[in-house]
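Report on the following structure.
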Amino acid sequence: MKRRIIKGIAAALCIAVMMPGAVSASGISTSGGLYNKLAELGPDSDEDNNDDDGDDDNNDSLITSTKTLEEAKADAKKILRDYKIFLDPDEEEAKEINKILGEAFEAIDKLSTVEGVDDYVEKTKEEMRAVTNPPSDDKGDDNEEEIPADADHFLMVGGSWVTPTASAGKEISIVLPVVNMGKTMVTDAVVTPVLSTSTTEWPFEITNSNYSQTIADLPGTDSGMSDMDRRRELTWNLRTRSDVGSGYQKISFEVRYRASDGSSQEATLDTYVQLNGTAGVGADGQSSVPRVIVTGFETNPETVHAGESFMLTLHLKNTSTATSVSNMIFEILAAVEGKDEDTTYAAFLPTAGSSTIFVNRIEKNGTKDIEIELEAKADLSQKPYAVDVNMSYEDEHVNSYTNKTSVSIPVKQEARVDISEPEVMPASIEVGSESNIMFNIYNMGKTKLYNVQVKLESDTVSGGDSFVGNIDSGATGSVDMYVTGQSATMDDGTVKLLISYEDETGEATVIERSISLFVNEAMARDPMMDDMMPDQMEGDGGTGGGTSRYVLIGAGVLILAAVGVLLIVLRRRKKREQKRLEEDLMDLEEGADDENS
């Protein structure tokens, strides 16, 4: 029988399409009457079938109370599902109907009484009729209130309430207007805010054990009262937390109430507040990471020398304007020197034995100084050495953070310079004559000597400036210079040697040594003696003059031989002395290495 009805309706649709405005024998028109007819049909409807029991099967929305709750839900879903049996699935109306049915099926599953299922089926059918057969513009009454699709949300936040602004650390009143958009009365409503220790869920201080408030009754739409008259308002006086962020935040309220059938129902109402939070806190409630930095350092003494102790002062700053930091631990670690595990060592060692410093607290945007006494290793090269500062600390909410920074401390190495015994040949000269000065410069320190040069300071001689250049640690520089007599020596004959050099920073150092060099007046020649010599030699005859010449030549040869022997002896003595000094220098270096090992 149902198939015949469907075929008849299909035929009527064809006639209606071909003849706009025509009305079929059954009274169904294309302007929406067909949808009205479909809405009246249930799964068991049969216009040609009269049952013996005389029941009216056209009342397809009736779900008898004799059925169980699960049977009532199943029948309700079948009735609603059959409603769209003749709809074109590609039409917009079918899509809206599917949406309404989806929400209805979820709501039906949550209902706890057969009567509630029956009422909800009727309400859903009215919504679907409004989609398939909307009222015309010239008629219809807008006074009828729309009922939410979800049965758990008959209660809603009512009115256009202005969103309150909550400032960090300030008090605020939160007003929640509640209205019942259902038909029947709701009683004994208990409204409780959803509390949380997280600022992103509940941005207010929790100072009470119970925040619940009650509403005795919430009239429904059947009461004939307006929405404003049916509205009830609840107020909570709260204090905003000091660590909230800025932005809009949702706060939720759980409502437990008693429906008209006596059943207990639950709903959740949401509202919003605008937060004016603390600087440095994001909208999600997360504080920016508090940064602790080293703004500078000082050493006492100002210049750190290898092998000496010094006091290191670090200047710290908490850059956060949102939170203080506390429970701070600073670990001071100096750079490690050496090329392998057996020879590595820290450039600086704490004199107290511990390299850890504890600081209780640094306020927001606050500063703090910490001190530690360190000792520089004696064999450090002259250069800057890095010192790492490892930090660990907590903010006001006991969130842990770590940070690391470094400072660079320059270390000076005392230069150790020595020279060999200067050789002055000859040690006595006449004015206008030259003398040769020779000696070696030994770099016995750990630092390189730059721009080494030698100058003489004397009123009796001139010249003698010598540039040696750079001398590495443990190396030797040789000086060989000539000076010229300028005037006769009037004192003990002491001449100063000024030896200057520079370190890596360009700072110059001058050391003094002295030598003994006499300058005599030049001997004046007698012209008369020069004239007499040839005559005397001629007057002696052949024998006397020849003998004199041989004697002079022999004496000259002996003098030259003596001078040669003297030079050889002096050269050998110089080499022996230089070798002895080099051996002493090597012994000093070996002794220093033994101490380091």
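The figures that follow rest on heavy atoms only: side chains count, while hydrogens, waters and symmetry mates do not. Predicted model only: the values in this text are computed from it and were never measured.
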When you measure from the side chain of [X] to the backbone N and O of [Y], does any donor-acceptor pair fall under 3.5 Å?
X    : Y    : result
T240 : K170 : yes
R291 : S320 : no
E201 : V194 : no
S381 : K383 : no
Q213 : V191 : no
T367 : K317 : no
N470 : N451 : yes
T489 : V519 : yes
N403 : S392 : no
Q382 : Q413 : yes

Tell me, do [X] and [Y] make a side-chain contact under 4.5 Å, heavy atoms counted?
X    : Y    : value
T405 : M391 : yes
T303 : H305 : yes
W236 : L176 : yes
F310 : V411 : no
V389 : I332 : yes
F204 : I172 : yes
V178 : V255 : no
D270 : V157 : no

Under 3.5 Å, is there a donor on one side chain and an acceptor on the other for [X] and [Y]?
X    : Y    : answer
S473 : N443 : no
N520 : S428 : yes
T200 : S198 : yes
T313 : E298 : no
Q486 : S462 : yes

- Item | CA sep, side-chain torsions, deciding dist, call: I362, Y393, side-chain contact (heavy atoms from CB on, under 4.5 Å) | CA-CA 10 Å; I362 301 180; Y393 49 91; over 6 Å; no
Return the minimal non-hydrogen interatomic distance between [X] and [Y], and the atom names on each side.
X    : Y    : answer
T321 : K364 : O-CD, 3.8 Å
A488 : E521 : CB-OE2, 3.4 Å
S242 : E205 : N-OE2, 4.3 Å
T163 : Y272 : CG2-O, 3.4 Å
S466 : M481 : CB-SD, 4.3 Å
Y211 : N208 : OH-N, 3.1 Å

Mind checking the [atom1]-[atom2] spacing from [X] to [Y]? Nearest 0.5 Å is all I need.
X    : Y    : atom1 : atom2 : answer
H315 : D369 : NE2   : CG    : 5.0 Å
K368 : E363 : NZ    : CD    : 10.5 Å
N237 : S173 : CG    : OG    : 4.0 Å
S326 : N360 : OG    : CG    : 7.0 Å
Q249 : T199 : CD    : OG1   : 6.5 Å
L275 : I251 : CG    : CD1   : 9.0 Å

- Query: Going through the checks in order, is the side-chain contact (heavy atoms from CB on, under 4.5 Å) test met by R241 and I206?
  - Reply: CA-CA 9 Å; R241 291 175 58 169; I206 303 176; over 6 Å; no
- Go through N390 and T402 one step at a time and tell me if the side-chain contact (heavy atoms from CB on, under 4.5 Å) criterion holds. CA-CA 8 Å; N390 296 331; T402 58; over 6 Å; no
Pairing of [X] and [Y] as salt bridge, 4.0 angstrom limit:
X    : Y    : result
E171 : R239 : yes
R416 : E414 : no
D465 : K455 : no

- Report the C-alpha distance between L498 and E512 in whole Å, list the side-chain angles of each, state the deciding distance to 0.1 Å, and finish with yes or no for side-chain contact (heavy atoms from CB on, under 4.5 Å). CA-CA 5 Å; L498 302 180; E512 293 184 5; 3.4 Å; yes
- Message: Can you tell me if N365 has over 12 outside heavy atoms packed within less than 6.0 Å of its CG?
- Response: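 Yes - once you tally the heavy atoms of other residues, nucleotides and ligands closer than 6.0 Å, there are more than 12.
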- Over 60° means perpendicular and under 30° means parallel, so classify the ring planes of F348 and Y385, tilted if in between.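 The rings of Y385 and F348 stand perpendicular, inter-plane angle above 60°.
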- Selection residues 347-359 - residue pairs positive for side chain to side chain donor-acceptor pair (under 3.5 Å), sequence neighbours left out: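 Side chain to side chain donor-acceptor pair (under 3.5 Å) check on residues 347-359 returns T351-E373.
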- Residue that, paired with F439, satisfies side-chain contact (heavy atoms from CB on, under 4.5 Å) out of V424, I419, I515, D480: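 Testing each of V424, I419, I515, D480 against F439, the sole residue satisfying side-chain contact (heavy atoms from CB on, under 4.5 Å) is I419.
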